[in-house]
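By convention in this document, chain letters (A, B, ...) are assigned in the order of the sequence lines, proteins followed by strands, and residues within each chain are numbered from 1.
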Amino acid sequence: MKKIHYVSFLVLMWVGWSCNDQKFLDKDPTNILTNDKVWQSPNLVLTVLVDLYDRYPEVQSTEKWVEYANFDEAFASSAGEYYRHKNQEYNYDWWNYWDYGYLREMNLFIQKCTEATQLDEASKKRFLAEARYLRASFYFEEVKRMGGVPLILEPLQYDFSGDPTYLQYARAKESEIYDFVIAEMEAIKNDLPSDPNTKSRATKGLALATEARAALYAGSIAKYGVNTPQVTLPGGEVGIEASKATAYFQQSLKASEELIALGQYALYLKKPTDLSDNFASLFTDKSNNAEAIFVKDFKLKSGKTTDWTIINQPRSVAEEQQGGRLNPSLNLVQSFEKLDNTFATYAYTDASGANRYFSNPLELFAGRDARLAGTVILPGSQFKGKTVDIWAGYQLANNTVVSGDNFGARKVLPGKTTEEQVVGFDGPIDGLEFSAQTGFYVRKYQDPTVGSGQLGTRSEVWWIRYRYAEVLLNAAEAAFELGQNAKAAGYMNQVRKRAGFTKDLVAADLTFDRIVHERKVELAFENHILFDMKRWRLAHVVWNGNATDLTTQPGVATETSTRIFGLWPYKVYAPGTDQNGKWIFKKIIPSNVTNPHRFRLGNYYSLINEEIRSNNPKIVKNPNQ
Amino acid sequence: MKKYLILLLMGGLVTACKLDNYDPPASELSGRIVYKGEPIGVEYNNVTFELWEPGWGKKGSINVNVDQDGSYATKLFNGDYKLIIPSYQGPFKSIPNAETKSDTIPVQLRGSRTMDIEVIPYYMIRNATFSGGEKKVSAQFSIEKIITDASAKNIEEVALYISKTAFVDVRTNIASQVIKGADLKTMTGIQMQVTVPTITPAQNFVFARVKLKVSGVEDPIFSAIQKVTY
């Protein structure tokens, strides 16, 4: 009886199923948007494009703080990151980048956008130009890190025939990739809006700024590549002929000057009375900021926020039990010029080597480039309206030091009976994470608003990828390389005036070292150092693995700088003497800096891993690895 | 019941490894990089050569590191390998192989084997002697230019390094003296000297060797490492 029930039920089911027509199976999905739907609506297309924007590649950014600690600019005051200062060598696969999945999606976007029939012409044109901008930026990033890569401009489709060889492309020449980037920028610049208030999407200004940067990189690789003849490949995948340098520099200068002539961008100068504060605000002020050209934006309560301030806030004024991770090095801090256009190390001792005494720690840093205090939180300076507490301990009359091993530790000083604070709430304490182990904290991009240092709030300060000052420095460098020193000095002086220099540089002052130095101090912590040092072929010279002392010639581009140094302030405790209560400084090397950095020739172009080379035998290996 | 189950599980653990495992490579290929039988000193971890075994689906080389004294050793499976020293590796040029008429050296491995690889260095450091005393370490040596034809290269610098441990080069030295190639007056009887800094914990010996860097070649040539008491 039961059996019959089952059987009839089954039959019923089968009948019920088969009776339905095709429509039943052909339902529109409710959880994904199909291609046809997306390519009807500009809003939906924008959401696809936003994802592509979000994957814009970079090595250093405010979202990757620790990448700043790889070279000689800063120390990573965080227990898990000390190895960066203990490494002798950079592995060959550092900074490698091979994201052809991202490229394919951009190619698909371009293909579908071209084929779309229901979009209005204006939005279609802009979307296409933006996608081409991102694709060219992808190739720019590839060529910076890997050299020439396969140049693929359409989505590739596998035919499942078992033979993928038709999908294997050889690497293009390094110069071909740069030529492609430059040509794309020229092609799309007039399709993009010429609007300086659009910061987080591509604009005409951005296309020109990218073109200027790319052409400058190509030009300097062509020019300075002769210093490293080993860093080339016979097929030109790495290395550019020296004869091409001039054309690239001309192209770069032309693009920069076209952008400057637009007149849409200007150096940020809202606080002309305090140029250091002005320089710091340039990175955090998002309203009517005429300097920013292209940014990655963040917004509070949107899920897209940044924790740069949480990670790096001075420990003494921190809104959480953390901060203070990135400590700028003395190597960087001493690179900032004096306001009379000369270079000097810090005079914390006199000619005989005896300590000099200061009534305020800031005195030592007075009369320097305004960008110093805008980039670095110095001992005795303020953040969020409070004076930071950076001092390493008490120096006694007999030259011994009383200090503690925790933030604001307390001890009894000789001749006293009660405990008092003997070390700053910011340290510096050697080996204690979050303390200012070099004596400095980073200021650039730190958000001054209340709550920016709280885990529950975070910050909406943007991350600037292209800004007007860099364009001016690009123009200055290109003009210098073309022998137009007066013009170069003119562009450079604009940037230097904003940094507080009153005496202009003249044509005769301009040297290669000047160019290198200006970029170093203006663009510190902005994702330039690695690529600049690579294109000038200076990386293996400056980071040469020699454990030398800190250079006394901060203005010389080829000086070795392989280890991070710090400068610690101490308070003097010597009752009854004139020096009591004054400040002295001592140069130190953090104990976690155990090895000098060495940039080998094989680091100039990162390793293309074996998996990639094995899958596509046409890919040649980068040199010297 | 539970006891049996645990026993069973344990038994499973013990035996499981046997099934899908195979023996590790047992044949050792070792030797030195030599010029006329004399080993060439290099930096540790920075000079490698490649071994390729054709016939497998994926292509990839086995990289073999050359030690400071020019020796190398690697454990391999028996097979027919092709040995290549990439042109940018080491302070030397490889000699075309008689059999392959190229820089490829065929290596048949049937059990362990010692094989010295003959190469032509740009220079050789000859008769390096070291002596120590009064907080100083001195070295005396000569330089012989080996490659003198059109591909000859100049000396960029020579240096004397001393180190706390037996790893001696630019990365690990505690004191050094460097003479630029342009300032090098003579090729024979070159004398160099460094002062030994204070070492903590104290030790009365250091390790020393002499470096010669050829311009346009990344890897320098070294003399043998010597322990020097001072």
Chemist: Mind listing the closest non-hydrogen atom pair of A:Pro596 and B:Arg171 along with its distance?
Modeler: CD-O, 4.2 Å

Chemist: With only heavy atoms counted, which part of A:Glu611 is less than 4.5 Å from chain B, the side chain, the backbone, both or neither?
Modeler: side chain

Chemist: Hey, does B:Asn45 have a side-chain heavy atom less than 4.5 Å from the side chain of A:Gln88?
Modeler: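 A:Gln88 vs B:Asn45: side chains apart.
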
Chemist: Where does A:Asn227 contact chain B at under 4.5 Å (heavy atoms): side chain, backbone, both or neither?
Modeler: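 For A:Asn227, no heavy atom lies under 4.5 Å from chain B.
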
Chemist: Closest heavy-atom contact between A:Leu601 and B:Glu218?
Modeler: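 Answer, listing the atom of A:Leu601 first, then B:Glu218: N-OE2, 2.6 Å.
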
Chemist: Please round to the nearest 0.5 Å and tell me the distance separating atom CG of B:Asp219 and atom CZ of A:Arg600.
Modeler: 9.5 Å

Chemist: Is it the case that over 12 heavy atoms from other parts of the model lie below 6.0 angstrom from the NZ atom of A:Lys621?
Modeler: yes

Chemist: Checking A:Glu89 against B:Asn46 for the side chain to side chain donor-acceptor pair (under 3.5 Å) test, could you report, in this order, the C-alpha distance in whole Å, the side-chain angles of both residues, the deciding distance, and whether it holds?
Modeler: CA-CA 10 Å; A:Glu89 271 146 5; B:Asn46 261 341; 3.0 Å; yes

Chemist: Check whether more than 12 heavy atoms from other residues, nucleotides or ligands sit under 6.0 Å from atom CG of B:Asn63, and answer yes or no.
Modeler: yes

Chemist: For B:Ser87, which atoms come within 4.5 Å of any heavy atom of chain A: side chain, backbone, both, or neither?
Modeler: neither

Chemist: What's the spacing between A:Asn546 CG and B:Asn173 CG if we round to 0.5 Å?
Modeler: 7.0 Å

Chemist: Other residues, nucleotides and ligands only: do more than 12 of their heavy atoms fall within 6.0 Å of OH on A:Tyr158?
Modeler: yes

Chemist: Going from CZ on A:Arg598 to CG on B:Asp169, what distance comes out if it is rounded to the nearest 0.5 angstrom?
Modeler: 6.5 Å

Chemist: So, A:Gln230 side chain and B:Gly216 main chain: donor-acceptor pair closer than 3.5 Å or not?
Modeler: yes

Chemist: Is there a side-chain contact between B:Ser61 and A:Glu610 (heavy atoms, below 4.5 Å)?
Modeler: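 Contact flag for B:Ser61/A:Glu610 side chains = yes.
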
